[in-house]
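Here the structure is a predicted model, which means the values were calculated and not measured.
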Amino acid sequence: MRLKSAREQRSLSLREFAKEVGEDYTLLARIERGERYPPRQRLRKFANVMSLAPRQLETLIAVERRGLNPHVLLPEISPADISHDWIEHEARKVLNRYCREVHESDVSLPVPIDAVVNSACRLSTEYCDFEREKEISGRSGELYGGLYPDGFRGKDRLVVVNTGRIRGKELSFAEKRITVAHEAGHYMLHCGNKDSAQLFLQFNKGPTFCREAECDQTPFNSLEYQASAFGACLLLPRQQFLRKWQGMSASNLAESFEVTESFVRLRAKMLGLLPRSVNNSVNNR
């Protein structure tokens with residue numbers, strides 16, 4: 001994914017990119033698909049292409065080969081970028097898969113997010129007070145949600161949502177929906193997608209918990225932003241959102257799609273309907 005990101009940022013085809021870096025395009029294709037790592041004897045060349053130091057690339061490969069979590073072990077290395085188009089494509093695949101399984105031509109609104117992630121992502125959802133759960137309570141009382149990609153209490157691939165009080169209040173219904181969509185983003189982009197497997201900061205099979213994500217991507221919140229962008233694509237499908245955008249206020253859109261206004265703004269920025277220069281936090285969990 002990191003190599004593919006570097007190529008797409010320069011708008012090069014695989015063959016054009018291969019010619020420029022002096023490598024066989026079939027090797028580059030296999031690396032992009034997560035089937036190979038860059039050859040050891042040519043690490044410096046690949047590191048330069050991916051804007052990494054050779055030592056960083058070598059360490060990243062070693063960590064990923066062992067199935068460890070580079071996001072935790074190598075915090076100084078920022079994750080690979082994922083384009084909005086690619087995130088949109090992956091989210092649309094999920095919605096299309098759900099529509100096929102329920103025999104609908106398009107997803108109904110507001111998007112039935114629990115049913116979508118269960119049917120199309122094979123993720124279960126559970127709502128519980130984190131302070132009362134022994135397995136969770138020691139982490140923090142401010143957590144919005146979490147993901148157990150390898151199962152929890154007999155359930156495979158589980159999203160958990162906090163129903164307890166966070167800073168004195170409970171999550172709204174919209175925030176709980178966003179939490180589910182966000183965790184599904186983590187699973188599909190950072191755990192369950194084979195394209196994320198090579199040279200990309202991904203989660204291991206252990207549980208991960210989050211408080212909030214950001215609207216604007218920075219080197220320190222890329223994974224959270226990517227998960228939020230994926231969740232926005234699920235909860236605010238492109239065509240339905242564009243049809244409603246011109247005639248409705250942000251508050252009315254939020255009510256219609258059962259999300260928060262900040263999530264409406266995130267989606268609008270992704271689609272170029274609002275400028276992306278304003279740094280807004282999305283309290284999405």
Less than 6.0 angstrom separating the ring centers of F209 and Y148, yes or no?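 Under 6.0 Å, so yes.
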
Please check: side-chain N/O of R36 versus main-chain N/O of R30, any donor-acceptor pairing under 3.5 Å?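 No; zero donor-acceptor contacts below 3.5 Å.
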
I need the full list of salt bridge (charged side-chain N to carboxylate O under 4.0 Å, His left out) pairs touching residues 236-257, with sequence neighbours left out, sorted by first then second residue.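 Checked against salt bridge (charged side-chain N to carboxylate O under 4.0 Å, His left out) - neighbours excluded - the pairs reaching residues 236-257 are E88-R238.
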
Do E224 and H186 have side-chain N/O donor and acceptor atoms under 3.5 Å apart?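 H186 and E224 do have a side-chain donor-acceptor pair below 3.5 Å.
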
Nearest 0.5 Å, please: how far is SG in C233 from CG in L266?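 L266 atom CG to C233 atom SG measures 8.5 Å (nearest 0.5 Å).
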
Distance (rounded to the nearest 0.5 Å) between D85 CG and M270 CE: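 Between D85 CG and M270 CE, I get 9.0 Å after rounding to 0.5 Å.
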
Which of these, N162, I113, V161, L143, sits in a side chain to side chain contact (heavy atoms under 4.5 Å, CB included) with T179?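 Looking at N162, I113, V161, L143, the match for T179 under the side chain to side chain contact (heavy atoms under 4.5 Å, CB included) is V161.
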
Decide yes or no on side chain to side chain contact (heavy atoms under 4.5 Å, CB included) for T163 and L171, but give the supporting numbers first. CA-CA 7 Å; T163 60; L171 295 179; over 6 Å; no

Decide yes or no for S172 and R177: does some side-chain heavy atom of the first lie under 4.5 Å from some side-chain heavy atom of the second?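 S172 vs R177: side chains apart.
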
Report yes if some heavy atom in the side chain of Y98 is under 4.5 Å from a heavy atom in the side chain of P112; otherwise report no.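 Counting from C-beta outward, Y98 and P112 do come under 4.5 Å.
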
Yes or no on side chain to side chain contact (heavy atoms under 4.5 Å, CB included) for M188 and E90, after CA distance, side-chain angles and deciding distance? CA-CA 8 Å; M188 297 306 293; E90 293 300 305; 5.7 Å; no

With K19, which residues qualify under side-chain hydrogen bond (donor to acceptor under 3.5 Å, both in side chains), at least two apart?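 Residues passing side-chain hydrogen bond (donor to acceptor under 3.5 Å, both in side chains) with K19: none at all.
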
Kindly write out the residues that satisfy side-chain hydrogen bond (donor to acceptor under 3.5 Å, both in side chains) with N118, not counting sequence neighbours, or none if the list is empty.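 Residues passing side-chain hydrogen bond (donor to acceptor under 3.5 Å, both in side chains) with N118: none at all.
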
